[in-house]
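Heads up: the structure comes next, in structure tokens.
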2 protein chains.
Amino acid sequence: MPLSREKIAATAIRLADAHGLDGLSLRKIAKELGVGPMRLYDYVINKSELLDLMVDVVYARIAEVGQRPGWRDTVLAIAHATRDAALDHEWFSDVLGGRPHLGPHALAVGEATAAALSAAPGVRDIGDLQRAVGALNAFVIGSVRREVTERRTARSTGTDEAAFQASLGPYLTRMLRTGRYPTVARLVIDGAHLNAEETFNHNLTTILDGITSRPPT
Amino acid sequence: MPLSREKIAATAIRLADAHGLDGLSLRKIAKELGVGPMRLYDYVINKSELLDLMVDVVYARIAEVGQRPGWRDTVLAIAHATRDAALDHEWFSDVLGGRPHLGPHALAVGEATAAALSAAPGVRDIGDLQRAVGALNAFVIGSVRREVTERRTARSTGTDEAAFQASLGPYLTRMLRTGRYPTVARLVIDGAHLNAEETFNHNLTTILDGITSRPPT
DNA sequence: GCTCGCTACCGTACGGTGTATCCACCAATA
DNA sequence: TATTGGTGGATACACCGTACGGTAGCGAGC
């Protein structure tokens, strides 16, 4: 079974899922494939291109959600698929928005969202569309990044109260007890029991409403 | 003049501004300071902590905008200050949302935005506040990241049409000419002459409107 | 049938990274 | 003066991405 770009990308994704993007190296990928490190360069220009490959594989999964009847359902489906993909492949959130996504499947996803948004009320010309796409993408990128980061710190510190107090506690509780950050303290103490997906969906709805309900200029 | 955390962070920021986060290494920082690499470890636990230090220095600048009369002006000022900071220190956008920002100045910025938003109409309980902060931060993070990325690719390919066609052109124009991405093609060809700050401000307004105009549940 | 060139593969090597460890010096104290 | 403690530096290790040179197999031309 010969090597191929697809095979390399697949095992790279597996390794990145397991050990993060920092723990990913061409040498480990090659070893996993039972091959010398330099062998990979016959299929890939450099590590950056390999990353682009991995990213586009994930976009392929996102693109699978396809078209829905209404523009709003389409946008919601794509946004949720992006979130799901990032939760499955946390490294994906590390590169979200950090490099141009120009792979064929990434373009397909972009096309689907742009086409859907162009059918939304309140989007009248290209300028409107450009802004709407920008706002939506920005929100999705930021949300997903934030959620993945929270999940990582929760995992590294331990979810339960005790471990949290033990690791971040000494510093954070001391900080919050200074009284200089009362609102943040309230958020940290009283909050945190919100369902992440619901929050995502709620804010997504808010933004879509904001886009569609803009008054005619 | 002895070494100090502040001094180290300052030259690290200078180097990162000039050569990006990838081009930043402890050895280069040390050399810039006329010191052996290991000296830095007397002031900093590891590179990660140094990064946190750098990030909080930037947050200090953002926090300087301080309080404004109205909640909306405050939020707008902080968002724009964040954007300005990220445009001055592009590496800042690379870590935005990618790690918990717990430095004192970062907490101050978080406190200021949360306090402002808690005074916004439509924000009634902690859940509302949590969602509002999340939506706003997500948008700012995503927007800034996107803008910095665009600026980088524009710089690396060259802004003018010719250089663009020469570098990304061969691939991208071929892709767009397949006809599979008509909406994206329209965006790429007809768009792109929007003012970035105006777009940021416009979308920011849209989101704040969306937050404040939510119907009572 | 023999040789030649080409391709697919591989190992080694270089310059760089973050960081642990040990070592030399030098100032202050007993 | 002898000792000690701390400060700054050099060296070393494991790992990284990747440039380069070499080798084995194989099909094509004489």
Side-chain angles (χ1 to χ4, degrees), chain A residues 1-57 90-92 94-95 98-100 103 152-153 156 167, chain B residues 1-57 89-92 94-95 98-100 103 152-153 156:
Chain A
M1 194 146 57
L3 234 44
S4 71
R5 286 165 71 91
E6 290 74 22
K7 216 186 224 302
I8 294 175
T11 80
I13 288 177
R14 253 195 16 245
L15 288 183
D17 287 346
H19 308 107
L21 218 55
D22 290 344
L24 184 70
S25 77
L26 294 179
R27 294 172 131 95
K28 288 180 190 163
I29 299 172
K31 179 168 289 184
E32 187 81 7
L33 290 166
V35 150
M38 284 309 104
R39 191 80 182 62
L40 302 183
Y41 283 87
D42 292 337
Y43 300 85
V44 152
I45 288 201
N46 47 27
K47 194 181 184 181
S48 170
E49 204 203 41
L50 173 58
L51 243 167
D52 287 338
L53 234 60
M54 297 165 61
V55 166
D56 212 54
V57 170
E90 297 192 343
W91 53 268
F92 185 67
D94 293 326
V95 295
R99 56 177 61 220
R152 277 179 179 151
T153 65
S156 79
S167 66
Chain B
M1 193 145 59
L3 233 45
S4 71
R5 286 164 71 91
E6 290 74 21
K7 217 186 223 301
I8 293 175
T11 80
I13 288 177
R14 252 193 20 244
L15 288 182
D17 287 346
H19 308 107
L21 220 54
D22 291 342
L24 184 70
S25 76
L26 294 180
R27 295 172 133 94
K28 289 179 189 163
I29 299 172
K31 178 168 291 185
E32 187 80 7
L33 289 166
V35 148
M38 286 308 107
R39 284 298 94 239
L40 301 184
Y41 283 89
D42 292 338
Y43 301 86
V44 152
I45 288 200
N46 48 28
K47 193 182 184 181
S48 170
E49 204 204 40
L50 174 57
L51 242 168
D52 287 338
L53 234 61
M54 297 165 61
V55 167
D56 212 54
V57 169
H89 310 284
E90 297 192 343
W91 53 269
F92 186 67
D94 293 326
V95 295
R99 55 177 60 218
R152 276 177 179 152
T153 65
S156 79

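Within every chain, numbering begins at 1; the chains are lettered A, B, ... in the order of the sequence lines, protein sequences first and strands thereafter.
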Picking from dT19(C), dG17(D), dT12(C), the nucleotide nearest the side-chain atoms of Tyr41(B) would be dT19(C)
Heteroatom pairs (N/O) under 3.5 angstrom, protein to nucleotides 22-27 of chain D:
none

In sequence, state the C-alpha distance, the side-chain angles, and the governing distance for Leu40(B) and Leu33(B), and then conclude on side-chain contact (heavy atoms from CB on, under 4.5 Å). CA-CA 10 Å; Leu40(B) 301 184; Leu33(B) 289 166; 4.2 Å; yes
Minimal heavy-atom distance between Ala9(A) and Val57(A), with the atoms involved, is CB-CG2, 4.3 Å
From CG of Leu40(A) across to P of dC16(D) the rounded distance in Å is 13 Å
In numerical order, the residues of residues 21-34 of chain B whose heavy atoms come under 4.0 Å of DNA chain D are Arg27(B)
Here the distance between atom C1' of dT17(C) and atom CG of Asn46(B), to the nearest Å, is 14 Å
- prompt: Is it true that Arg5(A) and Asp56(A) have a side-chain N and a carboxylate O under 4.0 angstrom from each other?
  reply: no
Here the pair of heavy atoms bringing Pro37(A) nearest to Ala30(A) is CA-CB, 3.5 Å
In whole angstroms, the gap separating P of dT12(C) from CZ of Arg39(A) amounts to 17 Å
For residues 30-44 of chain A, the salt bridge (Lys or Arg N to Asp or Glu O under 4.0 Å) pairs (sequence neighbours left out) are Arg14(A)-Glu32(A), Arg39(A)-Asp42(A)
Picking from dT12(C), dC16(D), dT21(C), the nucleotide nearest the side-chain atoms of Met38(A) would be dT12(C)
Can you give me every donor-acceptor pair (side chain of residues 19-29 of chain B, partner residue at least two apart or in another chain, under 3.5 Å) with its distance?
from: Ser25(B); atom 1: OG; to: Lys28(B); atom 2: N; distance (Å): 3.1
from: Lys28(B); atom 1: NZ; to: Gly23(B); atom 2: O; distance (Å): 3.0

When rounded to whole Å, the OH to C1' distance for the pair Tyr43(B) and dG9(D) reads 14 Å
Axis-to-axis angle for the helix from dG1(C)-dC30(D) to dA30(C)-dT1(D), ends of five pairs each, to 10°, equals 40°
The reported gap from CH2 in Trp91(A) to CG in Leu15(A) (rounded to nearest 0.5 angstrom) is 11.5 Å
Distance col, row Asp94(B):CG vs Arg99(B):CZ, nearest 0.5 angstrom, shows 11.0 Å
Whole-Å distance, Ile45(B) CD1 to dG18(C) P, equals 17 Å
Counting primed atoms, P, OP1 and OP2 as sugar-phosphate and everything else as base, the B/S/- map of nucleotides 22-27 of chain C against protein heavy atoms under 4.0 Å is ------
Leu15(A) atom CG is separated from dC15(D) atom C1', nearest whole Å, by 16 Å
Whole-Å distance, His19(B) NE2 to dG16(C) C1', equals 16 Å
To the nearest 0.5 Å, atom NZ of Lys7(B) lies from atom OH of Tyr43(B) at 10.5 Å
